Every structure is written in C-alpha cells, then in structure tokens.
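Numbering of residues begins at 1 and proceeds along the displayed sequence. Predicted model, so just to flag it, every value in this text is computed and none were measured. Atoms within each ligand, like the ligands themselves, are counted from 1 in listed order.
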Amino acid sequence: MTLIRYEGKTFEVGPKESLLDSLNAQGAAIPSSCRSGLCQTCLMQARSGVPPESSQSGLQEALRLEHYFLACLCYPEEDLEVSLQGGARPLIPARVIRLERLSETIRLVALKPEAPMTFRAGQFVHLFQEKEIFRSYSIASIPSDDEIHLHVKLQPDGEVSGWVHESLKVDQIIHLSGPLGHSFYVGGQPEQPLLLIGTGAGLAPLFGILRDALSQGHTGPIKLFHGSRHPQELYLGPELQELSIHSNHFEYRACVSGDQVAHPYERGRASDLAFEELTDLRGWRIFLSGHPAMVKEAQMTAFLAGASLRDISMDPFTFTQVGSEGG
Ligand SMILES: Cc1cc2nc3c(=O)[nH]c(=O)nc-3n(C[C@H](O)[C@H](O)[C@H](O)COP(=O)(O)OP(=O)(O)OC[C@H]3O[C@@H](n4cnc5c(N)ncnc54)[C@H](O)[C@@H]3O)c2cc1C
Ligand code: FES
C-alpha cells in the first residue's frame, strides 16, 4: 500500500491498483480517456517521490525528467505527492478556416494553427472547447497540407462533439494541445505491405497515414478497410476511389455491417473481411482505429495471423471518463 497526496488529501493505493483507478474510485476527478497509455489525457506530475519508469512510457525526455507520468499506467512503488499536468504543454491557438459535412454525423474541421505545430499524419490532438473541457481527435491531414483536419463524429448527448457540430463557426479561434500518439507512418521500408482498418471516424488517422505513405513513395501494397453499419457513413468514398485509381498498389474496401448493402459496398465488419482475406500477416504493418472493441480484437487477430506486435499501431477511440483537465 502506498500513500498518494493529491489536492491536500491523502489516498491509499493498493499494489494492484492504478493510481488513476484508485483516486477516481475515492472521489478525485482525474481525467482519462484511453486508460492504456496512448492518449496522455491522464498526465500528472509527481511533486515529491519518483513515479515508476513504466508510467512514463511514451513521454518526452523533458517531461520524464520532471517526473511527469501517466496515471493510468502508474502502479506506485513509493509514496508520492501528485498534481494534474497544468502548464506542462502550452496550448496552440488555431483558427477554424473551414467546416464541412462529411456524412450525416461526421464533420470536417479544418484548422490553421496560429503558432508553429509539427505533427505526423495519424497523430491526434486534444481539442479544447473551454479551458478545462477537451477531447482527443485524430489528425486526418498531412504536414504538407499546412492545415489540421479533424473528422468529428456527433455522439448522442456528446458535449464536445455536440459543440463542434452545433456551435463552432468559421474564423473562431480554438485551442489544441500539441500532437500526441505514436500511430503514424514511418518511412524506410517502402515495400512493406500496409493494412489499415478503421470504423466510422476511425478513418481520420488512416486517411492521413495513407496519404503520407503515398506521398513518401510507398510502393508495397496498401489495403484500407473502412467499416460502418450504414453505407451513408462511409465518407470520403469518392476521394479514396480516386486515390486507388491513381495508385494501383492501393486498394480501398468499403464495408457495411448492417443490412442495406449494395454495390460497391461489401457486406460484413471491416475487420472480419480483412482477416478473412489476409490470413498470413507476417511482415505486414497494421494500423487500427475507431471502435475500441474492434481495435482490441483486431490487434489480437492480427498477432495470431503472424504480425509482430511492434508492427501493430492502434488508436482506440475510447471516450473520456471525466471531462475536465483541471490543473
Ligand atoms: C486517441 C483518440 C482519438 C480520437 N479520435 C477521434 C476522431 O478522430 N474523431 C471522433 O469523432 N472521435 C475521436 N475520438 C473520441 C473523442 O475523443 C470523444 O470521446 C468523442 O468525440 C465524444 O466526446 P463528446 O464530448 O462528444 O461526448 P461525451 O460528452 O464525452 O459523451 C457523451 C455520451 O456519449 C457516450 N459516448 C461518447 N463517445 C462514445 C463512443 N465513441 N461510443 C459510444 N458512446 C460514446 C458517452 O458514454 C456519453 O454518454 C478519439 C478518442 C481517442 C482516445
Ligand atoms: S494515457 Fe492515460 S488515459 Fe490515456
């Protein structure tokens, strides 16, 4: 049992509990999203004591040295005094330059950062509705576009997605975190086959990764399976068809898991159709994004089909458990 001091209170954390789960169960409101070390929503800092090295996985060196850590990965080994991350990463102001409807429920938000912002296609940002209310959205553009594109799906009663769909206006200045996440195309193996599977707005990071790979001269096969229950939600179909005509090593597959399936859509879940066809994934690089259950299941299936775990990148769109960043 370790003792954690947070906001003037002391919490006991058992040996098998993460600091995030334990503090939240005891009434502290620590924000979280992916709960698996991917999104950095739960970033905290140890003001005294040293957080376990495993809780600093994926953090920049400068943050690690200042004892920042991810609460969802933190199984404390000593007593700590902790605080939320306030001020660790300056926010970047960005102007809304375009808003477009991509489907009934998905809106394109095109942004122009008003400060330098270096990102890799496929990473994600935190989009702030207000100072303390934010959500993660994947970047669908590539650096040479010189714009940040987000695909935001309207969730029923969704606080931030509702605001994006109903209130956000062109020319409005909003704030973004710097880019986060490790799911992006890395050059150097242009012949490696790529498999991209996404559901719904899970197409966003894959669209960026695909365009990035093509612009970097990827020559190996690239297969993109995009899935949804309804065909009208398979947005960007014409653009993807066009890309597949110009790059004959890229194949686009639109998969509908509901009942209304007509040409050119295929019937079935995107991941099922992909794995039925590709039974040997040795040597493949795989990107999975969208519905968290699909991402988790597909990771396991890809691994069992021979893909190396380090070649599988994931962006599960888990949703935020506590809505404020605090600090
Ligand atoms: C790394 C990462 C990348 C992401 N990228 C994108 C992206 O590119 N595009 C995108 O649209 N979203 C993306 N998300 C999800 C996004 O961050 C928000 O969680 C989502 O927009 C809902 O926020 P909200 O404030 O509208 O809903 P909330 O106010 O947080 O939730 C409202 C209600 O909807 C339910 N809910 C929220 N989200 C879901 C869901 N996905 N499935 C089922 N029920 C849900 C909640 O339980 C709640 O009842 C990503 C998430 C992560 C972790
Ligand atoms: S990194 Fe901890 S909730 Fe995502």
Does only the side chain of [X] get under 4.0 Å from ligand 1, or the backbone, or both, or neither? Count heavy atoms.
X	result
Phe124	side chain
His291	neither
Pro156	backbone
Cys34	neither
Pro205	neither
Asp157	backbone
Glu159	both

So, [X] and [Y], do they make that salt bridge, N to O below 4.0 Å?
X	Y	answer
Lys223	Glu251	yes
Arg35	Asp21	yes
Glu297	Arg269	yes
Asp145	Arg211	yes
Glu100	Arg98	yes
Arg64	Glu66	no

Give a yes/no verdict on whether any heavy atom in Leu38 is under 4.0 Å from an atom of ligand 1.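 The answer is no: ligand 1 sits nowhere under 4.0 Å from a heavy atom of Leu38.
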
Going by the atom numbers of ligand 1, which of them fall below 4.0 Å from some non-hydrogen atom of [X]?
X	answer
Val160	24 (P), 25 (O), 26 (O)
Val152	11 (O)
Ser138	3 (C), 4 (C), 5 (N), 6 (C), 7 (C), 8 (O)

Sole residue of Arg285, Arg120, His218, Gln216 in side chain to side chain donor-acceptor pair (under 3.5 Å) with Tyr185: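 Testing Tyr185 for a side chain to side chain donor-acceptor pair (under 3.5 Å) against Arg285, Arg120, His218, Gln216 leaves exactly one candidate, His218.
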
Distance-minimising heavy-atom pair for Pro143 and Ala121: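 The pair with the smallest heavy-atom distance is CD-N, 4.3 Å.
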
Taking it one step at a time, do Tyr137 and His126 satisfy side-chain hydrogen bond (donor to acceptor under 3.5 Å, both in side chains)? CA-CA 6 Å; Tyr137 293 101; His126 289 154; over 6 Å; no

Identify which protein N/O/S atoms are less than 2.8 Å from atom 4 (Fe) of ligand 2.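 Under 2.8 Å from atom 4 (Fe) of ligand 2 - ignoring waters, which are not counted - the protein N, O or S atoms are Cys34 SG, Cys39 SG.
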
Around Gln189, counting heavy atoms of other residues, nucleotides and ligands shown, do more than 12 lie under 6.0 Å from its CD?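 Count not over threshold, so no.
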
Return yes when atom CD of Glu61 has more than 12 non-hydrogen atoms of other residues, nucleotides or ligands closer than 6.0 Å, and no otherwise.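 Atom CD in Glu61 is crowded, with more than 12 foreign heavy atoms closer than 6.0 Å.
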
Short N/O distance, under 3.5 Å, between Asp315 and ligand 1?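 No.
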
Pro316, any N or O under 3.5 Å of ligand 1 N or O: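 No, Pro316 has no N/O under 3.5 Å of an N/O on ligand 1.
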
Can you check side-chain hydrogen bond (donor to acceptor under 3.5 Å, both in side chains) on Glu147 and Ser141, steps first, answer last? CA-CA 7 Å; Glu147 293 177 5; Ser141 46; over 6 Å; no

